[in-house]
Protein chains: 2
Amino acid sequence: MQLDGRTHSLQAAYAARQAVFVDQPAYVRIANDLRARIVSGQLAAGTRLPSRQELAVEYDAAQGVISEATKLLTREGLLVSRPGAGMFVRQRPQRRSLVRSWFRERQAGSPFRQQMEEQGRRGSWEYASETLQAPAEVRERLGLGEPDGDRHDVMRTTYTFSSDDEGPWMLSTSWEPLELTKGTPIAWPEAGEHAGLGVTHRMAAIGITVDAWDEEVWARVASPEEAKHLGIGAGSIVMVVERSYFAGELAVETCDIVVPAETTKLVYNGPVGDS
Amino acid sequence: MQLDGRTHSLQAAYAARQAVFVDQPAYVRIANDLRARIVSGQLAAGTRLPSRQELAVEYDAAQGVISEATKLLTREGLLVSRPGAGMFVRQRPQRRSLVRSWFRERQAGSPFRQQMEEQGRRGSWEYASETLQAPAEVRERLGLGEPDGDRHDVMRTTYTFSSDDEGPWMLSTSWEPLELTKGTPIAWPEAGEHAGLGVTHRMAAIGITVDAWDEEVWARVASPEEAKHLGIGAGSIVMVVERSYFAGELAVETCDIVVPAETTKLVYNGPVGDS
DNA sequence: TCGAATTTGTGCGTATGTATC
DNA sequence: GGATACATACGCACAAATTCG
C-alpha cells in the first residue's frame with residue numbers, strides 16, 4: 001500500500017483495517033441478531049425489548065455492550081427507547097414522501113397521487129424573519145458580490161413545519177436578496193397579502209418570473225439543535241436539500257431544507273431526453 | 001443525594017458536578033468544543049489530536065467519555081482515527097456531485113459545467129449479471145404480477161463503480177423484467193453490441209422508447225458489506241436512490257444506487273411551472 | 001398520594017487485543 | 001522489539017424518568 005500524501009494514507013489505511021476485521025465486535029453481532037429478530041417480525045412493532053440487564057444475561061455480555069448495540073439500532077430507526085420505561089420496537093419507519101418534482105402523472109396506484117394528497121393536508125408551521133448580512137456560502141449561492149460594510153443584504157426566514165398528528169418534521173432556512181425585494185410588498189415573506197404563497201407567486205407579484213430551480217441533496221448527522229427540534233435522537237441522520245430558485249440567470253432565493261432521513265424520502269421525476 | 005459508605009470521595013465530587021451540568025452530557029459538550037476548534041480552523045485538516053489519555057486529562061473526563069465524543073465527530077466526518085497512530089482532523093469532505101437531472105445549462109461559473117466534466121472522466125466498473133425471481137419489493141416497483149412457481153423473471157446486474165484515482169464510490173443493483181428482454185440482443189446488459197450503453201439506448205434497440213424516470217432518495221446507515229465495498233467506516237451514512245425508468249406506464253427497469261453521503265451530493269434541477 | 005422498584009443514559013476506572021511508530 | 005494509541009469490553013455506580021402497588 002502506497003503512502004504518499006497525508007490524506008490518502010489516512011483513508012487508505014482506515015479502509016484496509018476495516019477489511020482485515022473479519023470477525024465483528026460483540027456489540028455488532030448482538031445488534032445483528034436483534035435486527036434480524038426485528039425485521040423478521042419475531043419482535044413485532046411496539047413490543048418492548050428485554051431490559052438491558054436481561055439482555056446482558058441473555059447474550060452473556062456487559063451492559064455497556066448491550067447499550068452500544070441498541071444505540072446502533074436506534075440510529076437505524078428500528079428502536080425507540082424511553083428512559084425509565086424501556087426500549088421498544090419502532091413502527092415500520094413508514095416514510096413520508098416529499099415530492100420535489102414531477103412532470104406528469106403516473107399510474108393511479110403509484111405513490112404520486114397519495115403523496116400529493118398527503119402534502120395537501122396542511123399542518124402548522126412557525127417562522128421567524130430578519131434581515132442580516134449574508135454569510136459567504138449564501139453569497140455564493142445567490143451570486144451576491146462583496147459585502148458592503150455591515151449593510152444587511154438578505155432576508156432570512158427560518159421555518160419549522162409540523163404535521164397535525166405528529167411533531168415537527170421539517171426545518172428550513174430561506175434567504176432572499178434584499179436588492180430584489182426591499183421596499184416591495186413581499187419583502188417580508190410571511191406578512192401582507194402574499195404571505196405564505198411560495199417564492200414563485202411572491203416574486204411574480206413584483207414582476208419577477210421564476211423559471212428554474214436547482215436542488216443539491218446530501219445527508220449527514222443531525223446537529224444537536226436539529227435533533228432537538230425534530231424530535232429525533234442525537235446522532236440521527238438528516239437529509240439536507242439546498243434549493244435555489246432562478247429567474248433566468250438570477251438567483252432569487254436559496255433555501256436549506258432539513259428532514260429526518262428515518263421518516264422521509266425525496267421524490268423526483270422527469271422526462272427522458274429533455275432539452 | 002445519598003452517599004453510602006462505599007462511595008469514594010472522588011465519585012461523590014463527580015456526582016455533584018453532574019447535577020450542575022444536566023443540560024448536556026459531557027461527551028456532547030466535549031464534542032461541541034472539539035468541533036468548534038476544527039471548523040474554526042484552529043485545528044487544521046491533517047493535524048493530529050491529542051491522544052485519548054491527554055484529552056481525558058485536558059477535559060477532566062474518563063477515556064470512555066472522550067471516546068464517545070470523538071466517535072460522534074467521526075460519524076460527522078470531521079475526524080479519522082487510526083489505531084496505534086492517533087486521531088486526525090479530516091480534510092474538508094469535498095463532495096462529488098452526481099448530476100441526476102438538468103433541463104438547461106446554467107451560468108458558466110456554476111457547478112454544472114464542472115460536474116458534467118467530472119462525470120465525463122470515466123473510471124472503471126465491475127459488474128455481475130444473473131437471472132432470478134424478483135423479490136416482492138422489486139415486483140412492485142416493476143409492476144410484475146404474482147410469481148410463476150420458481151420461474152426466473154428478472155435480470156439482476158450489480159455494479160461497482162470506481163474512479164481512477166480513488167477507490168469505489170458507487171454501488172448499484174439493476175433489475176430488468178425478462179418479459180421484455182428475454183431472447184433479445186440486450187438481455188444481458190453488459191454483453192453484446194449494446195453493452196454498457198445505458199437503459200435508454202438498450203431499450204431503444206428493441207423498439208422500446210423510455211420516456212420518463214422516477215427517483216426516490218433517502219439515507220441510512222451503511223450495511224457492513226456496503227461499508228467494506230465503499231471503503232468507508234462502519235456506521236457511515238449512505239444515500240440510496242431508487243430509480244425507475246418507464247416507457248409510458250410500463251416500468252422497464254428499476255435500480256438501487258448507493259453512494260457514501262460523506263463524499264457525494266445529488267444534483268437535480270428543472271423548470272418551474274412545467275406540466 | 002407517595003414511595004419503592006425498574007430502566008435507560010451517562011459516567012468512572014480498568015484491562016486486553018491489535019495496529020502503528 | 002518496545003512504547004504508544006485506538007477499539008472494545010468488563011463491572012460498577014448514579015441521576016432522571018417511568019411504572020406500579
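Note on naming: letters A, B, ... go to the chains in the order of the sequence lines (proteins, then strands), and numbering restarts at 1 for each one.
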Check the distance between [N]'s [atom2] and [X]'s [atom1] and give it to me in whole angstrom.
{"X": "A:Asp60", "N": "D:dT8", "atom1": "CG", "atom2": "P", "value": "19 Å"}
{"X": "B:Gln63", "N": "C:dC12", "atom1": "CD", "atom2": "C1'", "value": "11 Å"}
{"X": "A:Gln53", "N": "D:dC10", "atom1": "CD", "atom2": "P", "value": "14 Å"}
{"X": "B:Tyr59", "N": "C:dG11", "atom1": "OH", "atom2": "C1'", "value": "17 Å"}
{"X": "A:Ile66", "N": "C:dT10", "atom1": "CD1", "atom2": "P", "value": "17 Å"}
{"X": "A:Glu54", "N": "C:dT7", "atom1": "CD", "atom2": "C1'", "value": "10 Å"}
{"X": "A:Met87", "N": "D:dT18", "atom1": "CE", "atom2": "C1'", "value": "15 Å"}
{"X": "B:Phe88", "N": "C:dC21", "atom1": "CZ", "atom2": "C1'", "value": "10 Å"}

When you measure from the side-chain N and O atoms of [X] to the phosphate of [N], is any distance below 4.0 Å, counting only OP1 and OP2?
{"X": "A:Arg48", "N": "C:dT7", "value": "yes"}
{"X": "A:Arg82", "N": "C:dG9", "value": "no"}
{"X": "A:Tyr27", "N": "D:dT8", "value": "yes"}
{"X": "A:Ser81", "N": "C:dG9", "value": "yes"}

Short side-chain to backbone donor-acceptor contact, A:Arg82 and A:Phe88, under 3.5 Å:
no
Heavy-atom donor-acceptor pair, B:Arg95 side chain to B:Ala261 backbone, under 3.5 Å
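Yes.
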Is it true that A:Glu215 and A:Arg243 have a side-chain N and a carboxylate O under 4.0 angstrom from each other?
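Salt bridge between A:Glu215 and A:Arg243, a charged N being under 4.0 Å from a carboxylate O: no.
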Salt-bridge criterion met for A:Arg141 and A:Glu216 (N-O under 4.0 Å):
no
Between A:Pro83 and A:Ala61, which has a closest nucleotide on DNA chain D that is more 5'?
A:Ala61
On DNA chain D, check which nucleotide each of B:Pro50 and A:Gly84 is closest to and give me the residue with the more 5' one.
B:Pro50
Would you indicate which nucleotide in [options] comes nearest to any side-chain atom of [X]?
{"X": "B:Arg52", "options": "C:dC21, D:dA9, D:dA7", "value": "D:dA7"}
{"X": "B:Val65", "options": "D:dC6, C:dT8, C:dG11", "value": "C:dG11"}
{"X": "B:Ala62", "options": "D:dA5, C:dG11, C:dC12", "value": "C:dC12"}

Over all heavy atoms of both residues, which pair between A:Ala56 and A:Gln63 is shortest? Give the atoms and the distance, please.
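Taking every non-hydrogen atom into account, CB-CG, 4.1 Å.
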Pairwise 5' ranking along DNA chain C for B:Glu68 and B:Gly64, keeping only the more 5' one
B:Glu68
Under 4.0 angstrom, heavy atoms only, what part of the nucleic acid is A:Ser67 near: base, sugar-phosphate, or nothing?
base
